[in-house]
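Presented below is the structure to which this report refers.
All values derive from a computational prediction rather than experimental measurement. Numbers restart at 1 for each chain; the letters A, B, ... are given by sequence-line order, proteins then strands.
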Amino acid sequence: MPELPEVETVMRGLSARLLGRTITHAATHRPDMRWPFPQGLAARIQGSRIGSFRRRAKYILMRLSERDGTADSVLIHLGMSGRMNIAAVGANEIPLHEHVTLHTDDGWRIGFVDPRRFGSVDLIPTAAEDQHRLLQALGPEPLGGDFNAKHLQARLAGRATPIKAALLDQSNVAGLGNIYVCEALFRASISPERLAGSLTPAEIKRLVRVAKQTLVEAIAAGGSTLRDYAQPDGELGYFQHAFRVYGRIGEPCEHCPGPPKCSGIQRIVQSGRSSFYCPRTQR
DNA sequence: CAAGAATCCTGTCAGC
DNA sequence: TGCTGACAGGATTCTT
């Protein structure tokens with residue numbers, strides 16, 4: 001899925017096109033994705049003006065202007081394969097795997113496409129956004145000041161789980177996914193198999209620094225384009241060209257001579273997910 | 001409680 | 001070509 005940099009990029013794309021527009025028509029094309037859509041979703045957002053956008057972890061919050069004394073936010077998660085298509089209003093047929101469609105007063109059609117349907121859409125009161133069950137247990141934003149060595153140290157202390165899994169745990173830090181955890185661990189020269197509680201203060205400090213750095217660079221690149229991710233306007237992110245270990249099995253890492261002197265980047269499976277790392281430089 | 005596995009779903013690609 | 005199995009950016013829920 002889209003991890004934090006991709007979600008941030010999608011949110012910026014939506015914001016550029018939709019801010020201040022009115023939703024003239026909304027429709028759902030099935031009753032659910034990861035979870036059932038809230039009752040009357042389409043009818044409840046139809047006629048609303050889009051006031052602002054916010055990202056929290058890998059969630060997008062589209063805030064609607066006040067109606068009948070309360071303001072609601074549309075909570076969107078892109079799951080693994082979710083995409084937002086923005087196009088000029090054209091043919092009437094619904095593209096394959098488009099589950100929600102919005103139309104704006106200035107003639108744009110926004111389609112939420114998600115083949116695997118791990119994504120979700122909910123409608124919640126803006127005033128209670130962070131109390132939502134999906135947001136309530138999230139850890140700090142990785143790019144915020146609250147994600148620092150002291151915080152991470154406290155969260156990792158005594159933990160017997162691999163650091164890889166600890167960083168994917170959204171209650172420790174919210175927004176890192178498989179790619180950026182692999183990349184951050186490489187940059188910090190820490191093996192994904194190290195037990196979380198065994199990291200030294202110096203390593204934790206380094207990890208926090210390079211994780212932020214990786215995300216900042218990825219956002220600047222417009223995210224990473226793998227199979228099916230694209231920005232709302234169809235632009236492709238290009239951070240995938242900057243991957244140092246992700247998907248690069250057998251290649252030498254940037255510090256190593258590579259085969260035959262060194263077997264290069266390896267792939268292992270940890271809690272069902274691929275970890276890519278260099279066993280020689282990551283200890 | 002904590003850690004790991006199973007689960008939801010579809011598409012794509014490698015190998016035979 | 002067509003079939004099969006592995007794998008994919010996530011995160012909850014179920015087992016041990």
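Residue A/Ala160 is classed as a sugar-phosphate contact, given heavy-atom separations below 4.0 Å to backbone atoms only.
The interatomic distance linking A/Gln240 (CD) with C/dA8 (P) rounds to 17 Å, in whole Å. One atom, CG of A/Leu167, and another, C1' of C/dG10, lie 16 Å apart when rounded to the nearest Å. With rounding to whole Å, A/Glu98 atom CD is found 17 Å from B/dT10 atom C1'. The distance between atom CG of A/Leu168 and atom C1' of B/dG4, rounded to the nearest whole Å, is 13 Å. Here B/dC9 presents its P atom at 16 Å from CZ of A/Phe112, a figure rounded to the nearest Å. To the nearest angstrom, C1' of B/dG4 lies 14 Å from NZ of A/Lys164. In this structure, A/Leu135 places its CG atom 11 Å from P of C/dA11, rounding to the nearest Å. Atom CE in A/Met80 sits roughly 9 Å away from atom C1' in C/dC7 (whole-Å rounding).
When the side-chain nitrogen and oxygen atoms of A/His97 are compared with OP1 and OP2 of B/dC9, none of them lie within a distance under 4.0 Å. For A/His77, no side-chain nitrogen or oxygen approaches OP1 or OP2 of C/dG10 to under 4.0 Å. Close to C/dA8, at under 4.0 Å from its OP1 or OP2, lies a side-chain N or O of A/Ser274. Within the structure, every side-chain polar atom (N or O) of A/Ser271 is placed at least 4.0 Å from both OP1 and OP2 of B/dA3. Between A/Arg267 and C/dC7 there is a side-chain polar atom (N or O) within less than 4.0 angstrom of OP1 or OP2.
Salt bridge status for A/Glu193 with A/Lys164: absent, with no side-chain N to carboxylate O gap under 4.0 Å. The existence of a salt bridge linking A/Arg12 and A/Glu8 is confirmed by a sub-4.0 Å separation between a basic side-chain nitrogen and an acidic carboxylate oxygen.
Nearest nucleotide to the side chain of A/Pro115, out of C/dG10, B/dG11, B/dG4: B/dG11.
Panel note: side chain A/Glu3, backbone A/Ile179; a donor-acceptor pair is recorded below 3.5 Å. Judged purely by atom type and a 3.5 angstrom limit, A/Thr225 uses its side chain to pair as donor or acceptor with the backbone of A/Gly237.
Applying the 3.5 Å distance criterion, the base of B/dA2 shares no donor-acceptor pair with the side chain of A/Arg159. Under 3.5 Å, the side chain of A/Arg117 and the base of B/dC9 form no donor-acceptor pair of N or O atoms.
A/His97 is linked by a side chain to side chain contact (heavy atoms under 4.5 Å, CB included) to A/His99, A/Val113, A/Pro115, counting only residues two or more places apart in sequence or in another chain. The side chain to side chain donor-acceptor pair (under 3.5 Å) search around A/Ser65 returns none, not counting sequence neighbours. For A/Ser15, the side chain to side chain contact (heavy atoms under 4.5 Å, CB included) partners two or more places apart in sequence, or in a different chain, are A/Leu19, A/Phe53. A/Asp72 meets the side chain to side chain donor-acceptor pair (under 3.5 Å) test with no other residue; sequence neighbours excluded. Partners of A/His103 by ring pair (Phe, Tyr, Trp, His ring centres under 6.0 Å), not counting sequence neighbours, listed by chain and number: A/His25. With sequence neighbours left out, the ring pair (Phe, Tyr, Trp, His ring centres under 6.0 Å) criterion links A/His29 to no other residue. Not counting sequence neighbours, the partners of A/Tyr246 by the ring pair (Phe, Tyr, Trp, His ring centres under 6.0 Å) test are A/Phe243, A/Phe276. Annotation: side chain to side chain contact (heavy atoms under 4.5 Å, CB included) contacts of A/Thr200 (sequence neighbours excluded): A/Ala202, A/Glu203.
Only the P atoms considered, B/dC1 is 23 Å distant from C/dA11, to the nearest whole Å. Distance check on atom C1': B/dG11 versus C/dT12 gives 23 Å, rounded to whole Å. A distance of about 13 Å separates the P atoms of C/dA6 and B/dA6, rounded to the whole Å.
Once the 5.5 Å centre distance and the 30° plane angle are applied, the aromatic ring of A/Phe118 is found not to be stacked with the base of C/dA11.
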Polar pairs (N or O, both sides) under 3.5 Å between protein and nucleotides 12-16 of chain C?
from	atom 1	to	atom 2	distance (Å)
C/dT12	O4'	A/Arg34	NH2	3.2

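Applying the side chain to side chain donor-acceptor pair (under 3.5 Å) test to every pair with at least one member in residues 111-121 of chain A, sequence neighbours left out, gives these pairs: A/Ser81-A/Asp114.
For the segment residues 184-196 of chain A, the set of residues with a heavy atom within less than 4.0 Å of an atom of DNA chain B is empty.
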| Strand DNA chain C as a dot-bracket string - pairs counted if Watson-Crick or G-U with both distances under 3.5 Å, | where the partner lies in another strand | .|||||||.|||||||
